[in-house]
Amino acid sequence: MSFRLAQRLQGLPQPATIAMSAKARALKAQGVDVISLALGEPDFPSPPEAVEAAYQAGLRGDTKYPPVGGQPALKAAVARKFIEENGLSYAPDEILIGNGGKQLIYNAFAASIDPGDEVIVPAPYWVSYPLIAQMMGGVSVPVVCLEQDKFRLRAEGLRRAITPRTRWLVLNFPNNPSGAIMERDDLEAIAAVLRDAPHVMVMADEIYEHLTFDGKAHVSLASVAPDLGDRILTINGMAKAYAMTGWRVGFCGGPAALIKAMTSIQSNATSGICTLAQAGAIAALGTPASGRDAMRKVYQARRDLVVSRLRAMPFVTCAMPEGAFYVFPGIAGALGKTSMGGRRIVDDVAFAETLLEEAHVSVVPGSAFGQMGHIRLSVAASDELLVEACIRLERFLLELS
Ligand SMILES: Cc1ncc(COP(=O)(O)O)c(C=O)c1O
């Protein structure tokens, strides 16, 4: 076959999150009772108001090509959300609606990265930032955030990573996979570093903003440092806070010139977002906060359940996640040991693979997120499943020799 892969795709790894789900699916297809805690997907239904609004939009004939950048009514709802919840004021030409947060990340990097440009990504990180940056010819520069720092980005680490080639800093807090948050003081220290580096743009991916625990609230960098507003892109979406992953609606606010370039990329890739999904998003954004608070309480209780069990297990360390719906325990103490089935646990990838094969629990190895010696468990699953997964994990660890 004469097909040849484009150079920029050569050497691009498969996200391990997808590889682990594929393995788990294959085992399930063989009839094995696998508990999958590998995916980052809420286990709640979407708000009925969104479903009804999408249905009504279809009946009323709202089924034609929408404007590329988003329907004016959704942009207005997003502008309201940014003002009320984040203290950020964006005009319509500073807002873009995309096919999920992911397309907005793609658009932003496609609009701004030249070969060799650097993107600073605090580790652990969601897999897509380095992969998309690499697809654009960029170089991803990880800055390790430590478990003893509660996985928060420290200003000194950021300062050391900045070079003249730095184009972006990605700030994803609450963080996938660690569940870390950044409080006002942390953000002020980051803003001080950024003031000395006027060539650096910031992608603040706040998609887990409503999932913060213990009474702590999310704070937006752009509200802490309004003077940096012209180089901050604030990304958010309907997927996590509203359990609307399949609707594919994300939104962002940022400087008009960047939004214009991102809109032009979207225009050439997908055009505007599904009209029915946009109607659903408007309705969901108008629902009372009590719906999100109820989900947040459930996630917090599950986090407490899983962390307390993990902390009682041998070889495991576990920081308390303060947001999102993941737990990111350290399993370095188990490395070098041998499983019941005779497999040597040489690293976190072997740990996750052996756990899946022998204990039938699917998790993602930390190295997929740029942090070896950890695994990520999603707590977006029922208490019953989480308890059973913990029982299996503990047995697996106790049987290591
Ligand atoms: C940190 C982070 N940002 C963005 C996204 C993408 O969300 P969406 O489904 O809106 O594309 C995800 C999805 O897992 C995520 O974890």
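Everything quoted here is computed from the prediction, not taken from an experiment. As a basis for the values below, the full set of heavy atoms in this structure was taken, side chains included, without hydrogen atoms, waters or symmetry mates. Counting starts at 1 for both ligands and their atoms, following the listed order.
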For ligand 1, give me the residues whose heavy-atom distance to it is below 4.0 Å, by chain and number please.
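Protein residues near ligand 1 are Gly100, Gly101, Lys102, Trp126, Tyr129, Asn172, Asn176, Asp205, Ile207, Tyr208, Ala239, Lys240, Arg248.
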
For the rings on Tyr242 and Phe44, is their centre-to-centre separation under 6.0 Å?
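Not under 6.0 Å, so no.
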
Centroid-centroid distance, Phe315 to Phe351, less than 6.0 Å:
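No.
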
Hey, is Asp214 close enough to Arg303 for a salt bridge, meaning N to O under 4.0 Å?
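Salt bridge: yes.
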
Stepwise side-chain contact (heavy atoms from CB on, under 4.5 Å) test for Leu385 and Leu37:
CA-CA 9 Å; Leu385 278 180; Leu37 303 181; 5.5 Å; no

Relative to the ring of Phe328, is the ring of His374 parallel (under 30°), tilted (30 to 60°) or perpendicular (over 60°)?
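Ring orientation of His374 relative to Phe328: parallel.
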
Contacts table for residues 166-173: side-chain donor-acceptor under 3.5 angstrom, sequence neighbours left out:
from, atom 1, to, atom 2, distance (Å)
Thr166, OG1, Thr163, N, 2.8
Thr166, OG1, Thr163, O, 3.0
Arg167, NE, Ser112, O, 2.9
Trp168, NE1, Ser112, OG, 2.8
Asn172, OD1, Asn176, N, 3.2
Asn172, ND2, Pro174, O, 3.3
Asn172, ND2, Asp205, O, 3.1

